[in-house]
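In the text below, chain A, chain B and the rest are named by the order of the sequence lines, each starting its count at 1. Note that the structure is a prediction, hence the values are computed from the model and not measured. Values reported hereafter were calculated over all heavy atoms of this structure, with side chains retained and with hydrogens, waters and symmetry mates removed.
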Amino acid sequence: MPVDGARLIEMRVEWQFHMISDSRSVRDGLQRALEAEPLCLLSVDDRSTAEIVLAEVLNNIVEHAYAAGTGPIRLSLALGEGVLNCRIEDEGAAMPGETLPAGRLPNPADLPEGGFGWHLIRTLGHQLSYRRSGSTNQLRFSLPAERSGR
Amino acid sequence: MQLKAAMNGTTLVIRVAEDRIDAAGAIQFKERMRDLIQTPCERVILDLSPVHFLDSSGLGAVVAVMKLLAPDRKLELSGLTPTVEKVFRLTRMDSVFTIHPALAEGLRNAG
């Protein structure tokens, strides 16, 4: 079977963005990622979805994993066929019970001031998985990734 | 966090002159809003048209401001850009705010 070399190479390309765990660094890191490949190649709608999900994931790491200190966060992105594969790693505290939060939506009528983050991540992201290995948290998920017509 | 307040009749209009309300700016947004809403008025419209991005912290701050105005006044919103609208819709928080397509409509229609 002939091998589609160009496509194989494309699937393997990975972009990395490094941040430290404060909300300013995360804002700047997210901004850098949005302006660079592969996110700048996406349709307006998919880029907006990526911004929402990545912001929630990164903010959770700052607020929870690194609640007791600071440390590095590494965002790795790979663009496949119609899909953006995301991997986010940090050296903070493990997820409670080493499992992902359910992300149940709070009742809007209660006027909640938080608890939306995991609901947004779970609604917009697919194939979420979490792994703790050694002192590293690794979260993986995929997002829709249509390329923009430009 | 740049917020610009102006009275339009008995309505206090606050325009968020920022690109985003996120975790890095949410607390400051809430503090500035707390000061601005001391102005006596019948209605408060928060014009979000310059805001291209709002995360769950920003959303929480907008909800907190709504609670500061209760029970006498409600927080009305105008000019939600697509990403901001998406966050309100997916969290169903669009159901608890009066949302005007643009500030002009908000000023025409009493809350």
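The nearest pair of heavy atoms linking A/Ser23 to B/Ala24 is OG-CA, 3.5 Å. The minimum heavy-atom distance linking B/Met66 with A/Leu111 is given by the pair SD-CD2, 4.0 Å. Minimum interatomic distance between A/Leu30 and B/Arg20 (heavy atoms only, all atoms of both residues): CD2-NH2, 4.0 Å.
Taking OG of B/Ser57 as the reference point, atom CZ of A/Phe116 lies at 10.0 Å (rounded to 0.5 Å). Interatomic distance, A/Arg122 CZ to B/Leu90 CG, rounded to the nearest 0.5 Å: 15.5 Å.
Both A/Leu84 and A/Leu128 are assigned to one and the same hydrophobic cluster, defined by single-linkage of ILVMFWY side chains at heavy-atom distances under 4.5 Å. Both A/Leu139 and A/Trp15 are members of a single hydrophobic cluster when ILVMFWY side chains are connected at heavy-atom separations under 4.5 Å. B/Leu54 and A/Val44 end up in different hydrophobic clusters when Ile, Leu, Val, Met, Phe, Trp and Tyr side chains are linked at under 4.5 Å. Under the 4.5 Å side-chain heavy-atom criterion for ILVMFWY residues, a single connected hydrophobic cluster contains both B/Leu68 and B/Val96. Cluster membership check: B/Val44 shares its hydrophobic cluster with B/Met7, using side-chain heavy-atom separations under 4.5 Å among Ile, Leu, Val, Met, Phe, Trp and Tyr.
Contacts from residues 52-68 of chain A to chain B, taken as heavy-atom pairs separated by less than 4.5 Å, involve A/Ile52, A/Ala55, A/Glu56, A/Asn59, A/Glu63 in sequence order.
Note: B/Thr83 leads B/Thr83, B/Val87, B/Val62 in heavy-atom pairs under 4.5 Å with chain A.
Partners of B/Arg32 according to the salt bridge (charged side-chain N to carboxylate O under 4.0 Å, His left out) rule, which considers only residues two or more places apart in sequence or in another chain, do not exist here.
Heavy atoms of other residues, nucleotides or ligands lying less than 6.0 angstrom from NZ of B/Lys4 number 12 at most. Crowding of B/Arg73 atom CZ: a count of heavy atoms from other residues, nucleotides or ligands under 6.0 Å exceeding 12.
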What's the verdict on side chain to side chain contact (heavy atoms under 4.5 Å, CB included) for A/Thr49 and B/Lys86, showing C-alpha distance, side-chain angles and the deciding distance? CA-CA 9 Å; A/Thr49 294; B/Lys86 199 188 287 186; 2.8 Å; yes
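The ring pair (Phe, Tyr, Trp, His ring centres under 6.0 Å) pairs that include a residue from residues 32-88 of chain B are B/Phe88-B/Phe97, where partners are two or more places apart or lie in different chains. Every pair passing salt bridge (Lys or Arg N to Asp or Glu O under 4.0 Å) that includes a residue from residues 15-40 of chain A is listed here, sequence neighbours excluded: A/Arg27-B/Asp22.
With a threshold of 4.5 angstrom between heavy atoms, B/Thr91 approaches chain A through its backbone and through its side chain. Neither the backbone nor the side chain of A/Leu34 comes within contact range of chain B; no heavy atom of the residue lies under 4.5 Å from a heavy atom of that chain. Contacts between A/Asn107 and chain B at a heavy-atom distance below 4.5 Å are absent for every atom of the residue.
Side-chain contact between A/Pro112 and B/Met93 is present, with heavy atoms from C-beta onward closer than 4.5 Å.
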